[in-house]
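Each remark here refers to the structure printed beneath this line.
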2 protein chains.
Amino acid sequence: MGRPRQFDEERVVRAAYGEFWNKGFDGTSTADLCRATGLPRSSLYNTFHSKEHLFRRALAHYVTTMTARQSAVLDTPGTTALERVRALLAVIVEDEAANQANGRGAGCFTVNTITTVASRNPDIAQLVDADLRRRLSGLRLTLMDGQLDGSVAADRDPGELAWYVTSLIYGMRVAAQSGAGRRTLEGIASTGVAALTP
Amino acid sequence: MGRPRQFDEERVVRAAYGEFWNKGFDGTSTADLCRATGLPRSSLYNTFHSKEHLFRRALAHYVTTMTARQSAVLDTPGTTALERVRALLAVIVEDEAANQANGRGAGCFTVNTITTVASRNPDIAQLVDADLRRRLSGLRLTLMDGQLDGSVAADRDPGELAWYVTSLIYGMRVAAQSGAGRRTLEGIASTGVAALTP
DNA sequence: CTCATTTTGGACCGATCAATACAAAAAGGC
DNA sequence: GCCTTTTTGTATTGATCGGTCCAAAATGAG
């Protein structure tokens, strides 16, 4: 019943994400979104109710895939917890280096959202916050593991250490966006991990 | 000769800075700027050539005062270099706590600029970059001092450590904007400093 | 006082904004 | 082959955008 859609919804969300990532929420016009997704205006508004709803979908897509990837690294068995945190930071470095190599904009969609729209939009802030809690709790578990296997300093609150690692990643993301190259990011990660060792 | 101005240019720049800080470059309209500064449109455009020029003035004002304050802390004599870095991070914590207490938006104007307009505006990017280099070189000198007085690990490149501290501050700024309170920020700073000790 | 010069107050500009309206097009159900 | 339902394409909406124009106001110079 009814005319079938001529596009894949997920593909459209990804295209919209790329546009929002490059230009930000305010800097992206609905005309930009039409061009990037290849959809006419009415199809966009028929499927997603507004520019903001589409942004939320794009953000949700990003945090889901990104946090899943990070969780996978943290949950990889076979090494110490500290090594897994090190591997997580290496993934961040790899991401940013790939972005710079491919000419795409650097930085993290979540960080950019935090510093712009999140402060003025409760719904978007809630999405970001839920993702933050998820990442914090995953990190906390890994760091508690590290305190048990002896690879992480035991005299600090694991929740505090989780916030530290999160903050370190945020900082690396901003550093990448302000021109830090692969070597520099590796140095930051290497130095940053030193704060976790006993 | 000619009618005298009825406003203080510095005060206008500060008012514009507050507006840009709250809403970002794209989110701030020229009408917003008129309201916040109390100036009519023509006076704004007569004094500053465009919205972008006014933003540059606001950004320059912010980085100048902020970097001067941080340099003052780093150059305070009488303690070890590590203690001075610790004091610098305490200033950051104090800033963010004060912002949250006064109900103002959290975060750092420079970070917000990096994650938004800097990637698409070379002139603004250059302002941010010049400030970054200034802060990095100041930090590097302090950290070299620390390697001499024994308070900072001597087996790491001071330039790398300077990038690490910068990144740590960036991270704290984003963390503050994503809801981290004073206690949490103090924990991040405390943990982060541990990476610098011998 | 008069004139040259600058600022001030708003009206005004074309462009662009997010969003809507609506009819043609394309499918399944019968 | 029609009828219902949904999507698609495009025209258009009122609002707002950054920026300009111009005459009134306000000063110092002569």
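Note that these values count all heavy atoms, side chains included, but never hydrogens, waters or copies made by symmetry.
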Using whole Å, what does the distance between atom P of nucleotide D/dG9 and atom CZ of A/Phe7 come to?
10 Å
To the nearest angstrom, how far is A/Lys51 atom NZ from D/dT16 atom P?
15 Å
What does B/Pro4 touch in the nucleic acid at a heavy-atom separation under 4.0 angstrom: a base, only the sugar-phosphate, or nothing?
sugar-phosphate
With heavy atoms under 4.0 Å as the rule, sort A/Ser29 into base, sugar-phosphate or nothing.
sugar-phosphate
Would you mind reading off the distance between B/Phe25 atom CZ and D/dC17 atom C1', rounded to a whole angstrom?
12 Å
With a 6.0 Å cut-off on ring centres, are A/Phe109 and A/Tyr17 close enough?
yes
Could you walk me through whether A/Asp149 and A/Thr80 pass side chain to side chain donor-acceptor pair (under 3.5 Å), step by step?
CA-CA 7 Å; A/Asp149 70 24; A/Thr80 64; 5.1 Å; no
What about B/Arg41, does its side chain sit under 3.5 Å from the base of D/dG19 through a donor-acceptor pair?
yes
Just checking, any donor-acceptor pair under 3.5 angstrom between side chains of B/Ser43 and B/Asn46?
no
A/Gln100 side chain vs A/Ala180 backbone, donor-acceptor pair below 3.5 Å:
yes
How close or far is atom C1' of D/dT10 from atom CG of A/Leu44, stated in whole angstroms?
14 Å
Rounded to whole Å, the CG-P distance (A/Asn46 to D/dT10) equals 17 Å
Which pair of non-hydrogen atoms, one from A/Ser151 and one from A/Leu82, has the smallest distance, and what is that distance?
OG-N, 3.3 Å
Sugar-phosphate, base or nothing in reach of B/Thr47, heavy atoms under 4.0 Å:
nothing
Could you check whether A/Thr30 gets within reach of a base, just the sugar-phosphate, or nothing at all, counting any heavy atom under 4.0 Å?
base
Start and end of the DNA chain C segment that chain B contacts, any atom under 4.0 Å from a heavy atom
C/dT5 to C/dA11
A/Ser167: side chain to side chain donor-acceptor pair (under 3.5 Å) partners, not counting sequence neighbours:
none
Can you measure B/His53 atom NE2 to D/dT20 atom P for me and round it to whole angstrom units?
12 Å
Ignoring backbone atoms, test whether A/Ser43 places a side-chain nitrogen or oxygen under 4.0 Å from the OP1 or OP2 oxygen of D/dT8.
yes
For B/Arg3 and D/dT27, give me the distance from atom CZ to atom C1', rounded to whole Å.
9 Å
Any donor-acceptor N/O pair, B/Ser119 side chain to B/Thr115 backbone, under 3.5 Å
no
